[in-house]
Amino acid sequence: MVREVYENELKELLELYLHLHEKAIPEMTEYLNNTWKTIIQDKNHHIIVNIIDDKIVSSCVCVIIPNLTRNIRPYAFIENVVTHNAYRGKGYATECLHYAKEIARKENCYKMMLLTGSKKESTIKFYENAGYNSSDKTAFIQWLE
């Protein structure tokens, strides 16, 4: 079942992020709790999860960004697309991306964007099959320390 994350599912979401690129679950500090509260209360920040057997097995984040161009239509940014290693290849992340697309449509977004650090052909193919292309825009990143 695909839906938005519940406030009480932070720990399980952080455990899933170990299958993304995180090395450890962050300590449950006041800063983490305040960040979580900010995310949960932000109407433009959507954490989408796919639940299988009462477990979060896949997720993505969809942030709706207000915009002054394109007839004042917002755009959506997709981040943290992840599936638990044991559940990959079953379409769960694709279902999360489709849910994000429905949110973006409902919010009248004119486009959706995502970045991936992966150069693996299977990952690129996955995003292409989900409707994304890498030919319309060029992405640049500047990492901040």
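Please read all numbers here as calculations on a predicted model, not as lab measurements.
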*asked:* Students often mix this up, so state it plainly: with edges at 30° and 60°, are the rings of Y75 and Y110 parallel, tilted or perpendicular?
replied: perpendicular

Would you kindly confirm whether [X] and [Y] end up in one hydrophobic cluster when ILVMFWY residues are joined by side chain heavy atoms under 4.5 Å apart?
X	Y	value
I64	I72	no
I78	V2	no
V81	L115	no
L10	L18	yes
Y17	V5	yes

Using every non-hydrogen atom in the two residues, find where [X] and [Y] come nearest and quote the distance to one decimal.
X	Y	answer
N67	P74	CB-CA, 4.0 Å
H19	E15	CD2-O, 3.9 Å
C109	R73	O-NH2, 2.9 Å
E4	I103	OE2-CD1, 3.8 Å

*asked:* Please evaluate residues N129 and T94 with respect to the criterion side chain to side chain contact (heavy atoms under 4.5 Å, CB included), reporting the C-alpha separation (whole Å), side-chain torsions for both, the decisive distance (0.1 Å), and the verdict.
replied: CA-CA 9 Å; N129 288 340; T94 300; over 6 Å; no

*Check the pair I40 / T38 against side chain to side chain contact (heavy atoms under 4.5 Å, CB included), numbers first and verdict last.*
CA-CA 6 Å; I40 288 293; T38 298; over 6 Å; no

Can you tell me if [X] uses its side chain to pair, donor with acceptor, with the backbone of [Y] under 3.5 Å?
X	Y	answer
N50	Y92	yes
H45	I39	no
W36	Y31	no
N133	D136	yes
H46	I48	no
N80	C60	no

_With side chain to side chain contact (heavy atoms under 4.5 Å, CB included) as the criterion, how do K137 and K111 come out once you've worked through the C-alpha distance, each side chain's angles and the decisive distance to 0.1 Å?_
CA-CA 12 Å; K137 299 262 184 178; K111 71 177 176 184; 3.5 Å; yes

Supply the atom-to-atom distance [X] [atom1] to [Y] [atom2], rounded to the nearest 0.5 angstrom.
X	Y	atom1	atom2	answer
I47	R3	CD1	CZ	11.5 Å
L14	E9	CG	CD	11.5 Å
K101	Y132	NZ	OH	7.5 Å
E128	S135	CD	OG	9.0 Å
C62	F77	SG	CZ	10.5 Å
K90	E95	NZ	CD	12.0 Å

*Which residue pairs pass the salt bridge (charged side-chain N to carboxylate O under 4.0 Å, His left out) test with at least one member in residues 37-64, sequence neighbours excluded?*
none

_Contact between T35 and N33 at the side-chain level, heavy atoms closer than 4.5 Å - yes or no?_
no

*asked:* Quick check: do T83 and C96 have side-chain heavy atoms less than 4.5 Å from each other?
replied: no

_Quick check on R70: does its CZ atom have over 12 non-hydrogen neighbours (other residues, nucleotides or ligands) under 6.0 Å away?_
no

*Among I56, L20, L16, I52, which residue meets the side chain to side chain contact (heavy atoms under 4.5 Å, CB included) test with H84?*
L16

What pairs of donor and acceptor atoms, side-chain ones from residues 118-126 against any protein atom, are under 3.5 angstrom apart with sequence neighbours left out?
residue, atom, partner, partner atom, Å
S118, OG, K120, N, 3.1
S118, OG, T123, OG1, 3.2

*Take I51 and V57 through the test side chain to side chain contact (heavy atoms under 4.5 Å, CB included) and record every step on the way to the result.*
CA-CA 6 Å; I51 308 296; V57 300; over 6 Å; no

